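Each chain gets a letter, A, B and so on, in the order its sequence line appears, and its residues count up from 1. Because the structure is a prediction, the values reported are computed rather than measured.
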Amino acid sequence: MSAAGFEQSADSPLAAVDVRHLVRKFATQSGEVVAVNDVSIQVKAGEVFGLLGANGAGKTTTLRMMLGLLPPTSGTVTMAGYDVARFPLEVKRRVSLVSASSGLYQWLTPREMMLYFAELYDVPEDAALARVEMLADVFDLRKFMDRRCAGMSTGQQQRVNLARSLMHDPPVVLMDEPTRGLDIVGSKRIFDYTAHLRELGKAVIFCTHRLDEAQRLCTRFGLMFRGRLHLEGTLEHLQQSTGREMLTDMFLDLMQKTVEADAVAKNDVGQEVAR
Amino acid sequence: MTSQNSESSPSAVGTSSRQVTPRWQRLVRLARKEVRESMRDRRTLATLVLMPLIVYPLLGLVVQRFAVSRVDPNAPEAVVVLDSAIHPDEAAVLFSVPDRRRTESAQQAGESNGSAESKDAEAKADADGKDSSAEASLQKLTEGLTPLAGNAPPKLHVEGLQFTREEVEALVQAGHADVGILQIPGEAPAENRPGRARTFRVICREGDPFSARAAEEVEAWITRYRDRVVRALLRRTPFGAETMPHIETMKMASRGPKESPLSAFIPLMLVLMTMTGAVYPAIDLTAGERERGTLEMLMAAPVARHDLLIGKFAAVFLVAVLTALINLTAMMLTLYSTGFDRVLLSDGLSIVTFFQVMLLLVVFASFFSAVLLSITSFARSFREAQAWLIPLMLVSLAPGILSLMPGVRLNLALAVVPLVNIVLVGKELFQGIASPLLFALTLLVTCGYTMAALRIAASIFGNDALLFTSGSLTSRRGETGTTDELPVSLAAKCGVLILPLLVVLSGLRHRIVSQENTAGQLILSAGILAGLFAGLPLLFLKRQRVRMTTAWALKPFSFLAVPGAILLGLSSWTIVYELLIVSQRASTWTEFLNNPAMKQIIERLMKEAPLALQLLTLALVPAIVEELFFRGFLMGSLLQRGKGRMVPLLVTTFVFAAAHVVTDPALSMARFPGTFLLGLILGVIRLQTGSIFPGMLMHFVNNAILLSLTSLQPLLLKAGINLNVEGESHLPPTLLVGAAVSAAVGIFLIQKSRRPV
């Protein structure tokens with residue numbers, strides 16, 4: 001699996017993802033909004049960490065800071081051993097982003113698209129060609145490798161996108177709502193893909209608001225609410241600490257508690273959430 | 001500033017273990033994908049190949065039909081006017097003489113006959129004039145059928161009336177006739193000789209290819225006629241040589257339309273087609289990435305944004321250059337095959353012209369590609385990008401229209417105006433009168449603009465702020481439903497609407513209220529100003545539910561700001577006035593844009609209306625509404641972007657000054673420095689006091705003083721200050737010193753009244 005030109009294990013410390021005390025504030029006219037508030041996450045190789053929470057909880061903002069697309073207000077991010085603030089390009093080389101909203105170049109073929117991404121990630125040409133062949137087999141793309149992406153079905157496009165994300169053999173994979181808008185087959189493919197990544201020993205962060213599917217898939221969880229990471233641990237650990245069986249129930253409890261606490265402090269915000 | 005770090009080149013991050021591909025090689029590969037993507041797009045190919053293949057032949061056909069609709073389907077007729085000194089009989093003969101080949105064969109036939117030669121040649125020709133005119137028209141017909149129809153000389157239409165010499169010259173100069181024939185009397189002929197020694201002078205318009213070619217044709221006719229006369233005379237008498245007419249051609253300086261408007265239309269057409277070619281790939285490679293959701297993946301990749309952009313630029317540039325090349329080739333082929341090149345351009349087409357124009361178009365393509373990318377880069381979708389490009393295209397048309405005006409030549413100043421320089425150089429290249437120096441300058445300057453536009457595009461493309469605007473965070477509306485958020489796009493949209501409306505409505509003003517009614521004019525003008533600078537923004541802001549106190553900075557301010565603003569207003573006008581005078585002297589090149597008639601109207605307006613009305617309409621209303629829009633709306637929206645105070649200040653001031661120049665009836669660039677300075681002071685006051693009101697006060701005082709200078713003159717004279725307003729001379733030093741002191745105190749007070757934000 002290790003293609004030439006990659007040194008994923010050589011510089012991987014204990015935690016492939018090491019996020020410490022991450023804070024991100026946005027200034028708006030009506031004041032400051034803390035989108036991410038003191039979030040710390042460690043994910044080891046071979047782990048699938050479920051970053052869970054409702055829309056607007058701060059999941060995507062956290063991911064973007066991990067990728068160096070957004071500078072944090074404070075806190076540090078170390079990915080595959082590299083500090084994002086100091087070595088953003090080195091981090092980007094070792095991380096892959098999979099998102100449901102990402103599309104394909106309609107006028108290129110899957111092969112051209114994959115080779116283009118190999119180019120973007122500075123993968124040597126011979127290694128890139130070998131990986132294209134391998135990934136075509138893994139994702140069953142053989143039949144349409146040289147057809148334009150425009151004519152493909154949604155499922156085919158999704159497979160091409162997943163194959164694309166592994167062109168540079170990243171030690172860390174970030175998945176941002178990867179199942180959004182997908183049917184059962186599409187979602188199943190994402191689960192298989194995630195399982196595949198775990199087998200390969202990748203560190204995976206799986207962002208979703210679908211708590212049920214996360215429960216089946218992830219090895220560890222973090223529940224985010226209003227920018228804070230409230231509960232963190234394995235499923236057993238969480239079940240013990242909350243006394244609840246399902247992640248969904250834990251989340252609803254958490255929401256209730258936070259809202260009550262906030263309602264005392266701030267009346268208006270409570271109304272907004274209740275809506 | 002981590003976002004800044006992510007921009008740094010790979011080498012700076014220390015890729016010790018990685019084999020590093022050379023940057024240019026990487027750029028080439030990045031560009032390859034972009035080129036591949038746009039070339040496969042059918043829409044690109046359609047504009048690239050199909051459009052020119054259809055447009056030019058069609059255009060050629062239409063022009064041909066249109067231009068030639070008079071009599072003959074093949075060529076327009078040239079109007080020939082004759083000097084009344086030419087004997088009508090001779091004139092009739094002159095234009096009924098068939099060409100040489102036919103003359104000779106007729107001659108041979110005549111010799112075998114042995115009868116015709118004995119007669120007077122003129123009389124003979126006169127006699128069978130009808131015959132030979134039929135022959136000539138046959139000749140015309142066959143000429144029209146030759147393959148190189150366009151190179152055939154124009155048909156001559158000889159005007160039956162004859163004119164005086166002066167009339168002939170005037171007709172040709174004004175373009176009513178294309179060729180004139182004058183008869184210049186020679187030495188007095190001997191009494192017993194039948195012929196008259198004389199010179200035929202053929203006159204045509206200078207620089208008009210059609211007129212020149214018609215003149216050539218007329219000369220050919222006269223030559224044929226002379227040859228025939230000579231032959232006849234030589235047979236009859238050995239001394240006939242002196243009756244032989246001489247021929248000379250003289251070019252008249254044109255007073256009428258000199259150049260064909262089509263010669264300016266050609267480069268404009270090429271420029272527009274090049275633009276069209278570049279538009280589609282530019283949108284597709286930038287806004288398209290965003291729309292398809294591929295931009296995020298690109299941003300997540302370890303590649304510098306400007307490298308990506310260079311790849312995209314290369315692709316758009318390539319498509320634009322190809323479009324230009326195909327268009328130029330198609331156009332030249334059309335011109336050549338229809339023969340219009342010789343009709344439109346005095347020298348016809350040459351391969352040198354082709355390469356020169358192509359070079360120009362290549363440079364233009366690079367410039368326009370960069371401009372396009374910087375605009376499409378911040379569009380979020382295809383449709384938004386298209387919406388942004390429509391105004392750009394319209395703006396681009398303006399210099400084209402300027403260049404269509406006959407007689408506008410490229411000069412040093414126009415050579416640095418983007419787009420105007422390209423179209424004008426193009427026109428002059430086609431006409432063969434381009435100055436090599438200005439051509440080179442145009443190329444150089446345009447390359448500079450390309451670099452600047454690319455830098456802008458690189459800073460915009462994939463900009464974090466745009467990529468990650470999260471709806472839930474940016475618009476927070478309070479319970480009343482109003483917001484404090486003031487987007488720049490709103491101010492920009494508003495401004496884009498205000499400017500053309502202002503120009504149009506100001507023009508309409510003169511139609512609605514009579515010029516004589518000065519008071520009515522002033523009131524209407526103030527109404528328009530208020531409606532556009534306050535009313536229109538009000539509609540926009542209401543619709544977006546922006547809180548007015550925020551949008552217009554209607555905020556409380558320190559009391560110290562009041563005397564501060566008044567003192568600054570009392571002094572600022574001196575500098576504005578001085579700058580106006582200095583720049584008016586310096587800017588002679590703007591003379592051609594100045595409209596003296598307009599200036600007169602304004603000056604009269606100033607003199608006739610009562611001062612109170614002037615103060616109300618020209619000082620108070622502008623002070624209030626312009627502050628509301630510029631220092632309130634526009635500056636406020638820029639300040640909200642949170643990029644410091646300098647950029648909002650400079651942008652607002654520039655727009656303020658530019659708007660004054662554009663809407664000035666005389667379009668006087670001289671207003672720019674003064675207005676800029678005033679805008680700068682007003683901007684600083686707004687920033688320091690945090691409120692719009694002190695600026696309004698200062699603006700009013702400044703305008704009021706400038707308006708009442710004429711009325712104040714006697715007063716000032718009493719105070720020993722001689723203000724020669726009419727003579728536009730400099731202000732006296734004592735006044736300037738006083739102004740400086742007053743300004744210093746004003747600045748101090750404004751600084752003191754600073755409010756913590």
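- In B:R383, the CZ atom is not crowded: 12 or fewer heavy atoms of neighbouring residues, nucleotides or ligands sit closer than 6.0 Å.
- Remark: the backbone N or O of A:L120 is paired with a side-chain donor or acceptor of B:R26 at under 3.5 angstrom.
- When all heavy atoms of B:P302 and A:R93 are compared, the closest pair comes out as CG-CG, 3.5 Å.
- Within the 4.5 Å cutoff, the side chain of A:S99 has heavy atoms near those of the B:E296 side chain.
- Looking at A:N161, the atoms closer than 4.5 Å to chain B (heavy atoms on both sides) all sit in the side chain, from C-beta outward.
- Ranking A:L104, A:V95, A:V98 against chain B, the residue ahead of the rest is A:L104, based on heavy-atom pairs under 4.5 Å.
- The side-chain heavy atoms of B:L30 and A:Y116, taken from C-beta on, include a pair separated by under 4.5 Å.
- Residues B:R40 and A:E112 are paired through a salt bridge, judged by an N-O separation under 4.0 Å between the basic side chain and the carboxylate.
- Between A:Y105 and B:R292 there is a side-chain heavy-atom pair separated by less than 4.5 Å.
- By the neighbour-count criterion of 12 heavy atoms within 6.0 Å, atom CZ of A:R148 is densely surrounded, having more than that number from other residues, nucleotides or ligands.
- Between B:M299 and A:L97, the closest side-chain pair of non-hydrogen atoms is not below 4.5 Å.
- Looking at B:E289, the atoms closer than 4.5 Å to chain A (heavy atoms on both sides) all sit in the side chain, from C-beta outward.
- Looking only at side-chain heavy atoms (C-beta outward), A:M113 and B:K33 stay at 4.5 Å or farther from each other.
- The distance from atom OG1 of A:T109 to atom CZ of B:R36, rounded to the nearest 0.5 Å, is 7.5 Å.
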